[in-house]
Visitor: 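Got a structure for you, written out below as structure tokens; questions coming shortly.
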2 protein chains.
Amino acid sequence: MLPNPFDLIPSSALRPISGAIGDVVFHQGDPTHGLYVVQTGRVHLERVGPNGERFIIHRAQAGTSFAEASVFSEVYHCDAVCVEAGALIRIDKAAVLAAFADPAFARAYGRQAAQQIQAQRQMLEIVGVRRAEDRVMAGLVAGLLDGSVVEFAARLQLSHEATYRSLRKLVQDGRVTNPTRGIYHLRP
Amino acid sequence: MLPNPFDLIPSSALRPISGAIGDVVFHQGDPTHGLYVVQTGRVHLERVGPNGERFIIHRAQAGTSFAEASVFSEVYHCDAVCVEAGALIRIDKAAVLAAFADPAFARAYGRQAAQQIQAQRQMLEIVGVRRAEDRVMAGLVAGLLDGSVVEFAARLQLSHEATYRSLRKLVQDGRVTNPTRGIYHLRP
DNA sequence: GGCAGCATATGATTGAAATCATATTGCGAT
DNA sequence: ATCGCAATATGATTTCAATCATATGCTGCC
């Protein structure tokens with residue numbers, strides 16, 4: 001089992017950053033310093049449209065990284081705005097580029113990236129399923145219902161009502177068991 | 001500009017594979033040989049549900065790779081089925097793992113992976129936009145309308161009719177120009 | 001214990017996108 | 001040239017998920 005790749009970065013390359021709500025971590029066009037890890041709070045990456053509209057291109061959650069591609073870029077290509085106060089860590093791009101010379105880091109990074117890409121591809125397939133019932137079933141098969149149904153519904157890009165109804169239908173049709181309130185399992 | 005990472009893999013580790021329609025490239029549970037690059041044709045990655053339903057978890061297009069995570073895994077975790085005849089190249093997992101010792105490969109791979117992750121995150125945000133008109137606008141801002149409107153609509157997970165209607169509305173509202181049939185540009 | 005707040009449910013209504021239908025345009029093959 | 005086919009485009013209808021409404025169970029807390 002390979003470790004989290006960023007554990008292999010020297011701590012001198014890590015800069016803690018505290019983000020208050022509304023803080024702009026970086027602007028589009030700023031020279032890149034590195035990638036970021038969200039420890040707590042939430043950060044939105046946004047691009048400004050031609051008429052000034054703001055388009056969210058990513059919502060970074062606690063425990064995830066963002067702006068990884070900035071390591072290979074001279075400037076940031078979007079804005080990063082803190083939408084929930086928290087703590088970030090910035091990882092210096094030079095340190096990351098240097099770390100790729102360490103095969104252990106390179107493999108750990110490659111592994112994590114490959115898994116994330118697979119997971120995202122699957123999410124794109126799942127949210128592309130039109131019928132709510134089919135989407136819920138696909139989500140269950142993918143193991144996305146680990147926490148609450150509300151959270152599950154959000155991942156599926158469905159209203160929680162539609163999700164509850166689909167779950168009930170799947171239970172009625174015998175494809176899913178509902179041993180207790182809020183718990184649903186695939187029937188094998 | 002870094003090269004395509006797989007150009008740095010020795011050609012002895014590449015195995016051409018011809019796929020006829022319906023051919024199973026690998027099965028879930030098979031020991032992993034490596035990742036695949038689709039040269040022509042299309043491959044679906046599928047997982048079998050508890051009742052035998054087949055859930056597509058990825059549609060691999062020509063010019064893309066799939067099963068990258070298999071390099072770090074002992075067995076494949078899904079089936080790969082050729083849905084359009086074509087040519088694949090299998091890249092030996094040992095060669096990929098070895099190549100991570102080459103910093104040039106590691107950086108090229110990391111760069112490509114980071115960009116793909118960013119692009120996929122953006123796609124997930126875009127398909128999560130509910131209103132067709134907003135989704136089309138987000139897609140235009142993201143530069144997803146390069147080919148035909150039909151292809152654009154498919155990327156947005158919208159019917160092409162809804163996409164045409166949204167485009168017309170955006171043109172009427174002056175947010176988009178339609179210099180000629182099939183061509184739409186953001187008004188700056 | 002009782003209250004507040006949230007997750008779990010489910011019914012009724014609405015709205016918007018899918019679907020179905022129909023033209024038109026443009027382009028490549030014959 | 002013209003035939004067929006796919007992309008473009010738009011109107012009519014249907015479907016189904018969002019929304020609104022309401023109720024209950026569970027948990028934390030004062």
Side-chain angles (χ1 to χ4, degrees), chain A residues 42 56 61-62 84 123-140 142-187, chain B residues 42 56 59 61-62 83-84 123-140 142-187:
Chain A
R42 282 183 305 124
I56 296 172
Q61 301 280 332
E84 186 184 306
M123 283 308 302
L124 277 166
E125 283 294 333
I126 290 172
V127 299
V129 174
R130 302 253 192 244
R131 280 218 323 147
E133 196 184 318
D134 297 343
R135 194 135 115 216
V136 166
M137 190 64 192
L140 289 173
L144 299 178
L145 177 47
D146 48 356
S148 72
V149 176
V150 170
E151 190 201 348
F152 180 55
R155 290 192 196 177
L156 295 180
Q157 320 256 49
L158 277 178
S159 68
H160 61 92
E161 294 97 325
T163 306
Y164 281 120
R165 274 186 262 269
S166 300
L167 285 167
R168 176 165 58 91
K169 184 80 186 332
L170 289 167
V171 169
Q172 281 170 356
D173 294 355
R175 305 220 283 154
V176 166
T177 60
N178 179 207
T180 171
R181 190 181 163 86
I183 303 296
Y184 297 86
H185 288 126
L186 287 171
R187 187 188 291 281
Chain B
R42 282 183 306 125
I56 297 171
R59 297 157 211 255
Q61 302 280 333
V83 293
E84 185 183 306
M123 284 307 302
L124 278 166
E125 283 294 333
I126 289 172
V127 299
V129 173
R130 300 254 191 243
R131 280 219 322 148
E133 195 184 320
D134 296 344
R135 194 135 115 216
V136 166
M137 190 64 193
L140 289 172
L144 299 178
L145 177 47
D146 47 357
S148 72
V149 176
V150 169
E151 189 201 350
F152 179 55
R155 290 191 196 177
L156 295 180
Q157 320 256 46
L158 278 177
S159 69
H160 60 92
E161 295 97 325
T163 306
Y164 281 120
R165 274 186 261 270
S166 299
L167 284 167
R168 175 166 57 91
K169 184 81 186 332
L170 289 167
V171 170
Q172 282 170 356
D173 293 355
R175 305 220 284 155
V176 166
T177 60
N178 180 206
T180 171
R181 188 180 165 85
I183 303 296
Y184 297 87
H185 288 127
L186 288 171
R187 187 188 290 281

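These figures come from a predicted structure and were not determined experimentally.
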Visitor: Using whole Å, report how far CG of N178(A) lies from P of dA7(C).
Guide: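 So the CG-P distance, N178(A) to dA7(C), works out to 18 Å.
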
Visitor: Separation of L170(A) atom CG from dA9(C) atom P, in whole Å?
Guide: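 For the pair L170(A) CG and dA9(C) P, the rounded distance is 13 Å.
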
Visitor: Take the protein atom OH of Y164(B) and the nucleotide atom C1' of dA18(C), then report the distance between them rounded to whole Å.
Guide: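 To the nearest whole Å, that distance equals 16 Å.
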
Visitor: Picking from T177(B), V176(B), L170(B), V136(B), what satisfies side-chain contact (heavy atoms from CB on, under 4.5 Å) with Y184(B)?
Guide: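 The option that passes is V176(B).
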
Visitor: Starting at the 5' end of DNA chain C and moving along, which residue's nearest nucleotide shows up first, L158(B) or R181(B)?
Guide: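 Whichever sits nearer the 5' end wins; that is L158(B).
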
Visitor: In whole angstrom, give the distance that lies between atom CG of D134(A) and atom C1' of dA17(D).
Guide: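 Going from D134(A) (CG) to dA17(D) (C1'), I get 13 Å.
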
Visitor: Write down the distance between CD1 (I183(A)) and P (dG25(D)), rounded to a whole number of angstrom.
Guide: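 In whole Å, dG25(D) P lies 18 Å from I183(A) CD1.
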
Visitor: Should E151(A) and R155(A) count as an ion pair when the cut-off is N to O under 4.0 Å?
Guide: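 Salt bridge present between E151(A) and R155(A).
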
Visitor: Which heavy atom of G174(A) sits nearest a heavy atom of R187(A), and at what distance?
Guide: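 Smallest heavy-atom distance, with atoms named: O-NE, 2.8 Å.
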
Visitor: Could you tell me how far apart Y184(A) (OH) and dA7(C) (C1') are, to the nearest whole angstrom?
Guide: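 Result: 11 Å.
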
Visitor: Of R168(B) and E161(A), whose closest DNA chain D nucleotide lies nearer the 5' terminus?
Guide: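 So the residue in question is R168(B).
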
Visitor: Under 4.0 Å, heavy atoms only, any strand: does R165(A) hit a base, just the sugar-phosphate, or nothing?
Guide: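 It contacts base atoms.
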
Visitor: I want to confirm an ordering. Mapping R131(B) and G182(A) to their closest nucleotides on DNA chain C, which one lands closer to the 5' end?
Guide: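 Final value for this comparison: G182(A).
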
Visitor: Measure the distance from CG on L167(B) to C1' on dT8(D) and round it to the nearest whole Å.
Guide: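 Going from L167(B) (CG) to dT8(D) (C1'), I get 11 Å.
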
Visitor: For the pair made of NZ in K169(B) and C1' in dG11(D), what is the distance, rounded to whole Å?
Guide: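 Going from K169(B) (NZ) to dG11(D) (C1'), I get 17 Å.
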
Visitor: Just do the salt bridge (charged side-chain N to carboxylate O under 4.0 Å, His left out) check on D173(B) and K169(B) with the steps written out, would you?
Guide: CA-CA 6 Å; D173(B) 293 355; K169(B) 184 81 186 332; 3.4 Å; yes

Visitor: Which part of the nucleic acid does F152(A) contact within heavy-atom distance under 4.0 Å: base, sugar-phosphate only, or nothing?
Guide: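 Here F152(A) touches no strand at all.
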
